[in-house]
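Single-structure report; data block below.
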Amino acid sequence: MERPLRAPRPYLTLVVTALAAAIALSLVSVHMRLLNSGLGCPEWPACYGQMAVQSPVDHATTDTTRAAPRWATTAHRVLASGLGLLILAISLAALRPGRKWVHRPAALSLLAVMVGLA
């Protein structure tokens with residue numbers, strides 16, 4: 001019986017780091033969603049359940065306590081960018097010539113999902 005091919009340790013480190021970044025990104029996203037705010041909510045009134053167009057005077061009196069803290073939006077962007085780079089590194093490592101890994105289809109599928117979400 002043939003032994004399955006094992007991925008090298010640096011590749012596994014990339015995958016585990018990407019998993020941790022994905023979990024952290026999900027937690028920050030949940031935090032932002034629980035505050036009823038998202039990255040695009042200031043420009044999109046439907047985020048707050050208001051479909052009518054507001055006048056500039058209404059924007060000045062809008063309650064801003066529901067907006068996500070600045071650290072949350074910054075953390076979300078940094079984590080999403082870092083996770084994108086990690087996924088790109090995983091995909092490039094899986095495509096290295098001379099290696100026949102069973103991880104190649106999974107890495108490319110992950111890259112396709114990331115590109116679709118971006």
Residues 17-26 side chain polar contacts: donor-acceptor under 3.5 Å, at least two apart:
unit_1	atom_1	unit_2	atom_2	d
Thr17	OG1	Thr13	O	2.7
Ser26	OG	Ala22	O	2.9

Name each donor-acceptor pair under 3.5 Å that joins a side chain in residues 81-95 to protein atoms two or more places apart or in another chain, with its distance.
unit_1	atom_1	unit_2	atom_2	d
Ser81	OG	Arg77	O	2.9
Ser91	OG	Ile87	O	3.0
Ser91	OG	Ala107	O	3.2

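- When every heavy atom of His76 is checked against every heavy atom of Met32, the shortest pair comes out as CB-SD, 3.8 Å.
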Taking distance alone, no hydrogens or angles, what donor-acceptor pairs closer than 3.5 Å link side-chain atoms of residues 111-118 to residues at least two apart or in another chain?
none

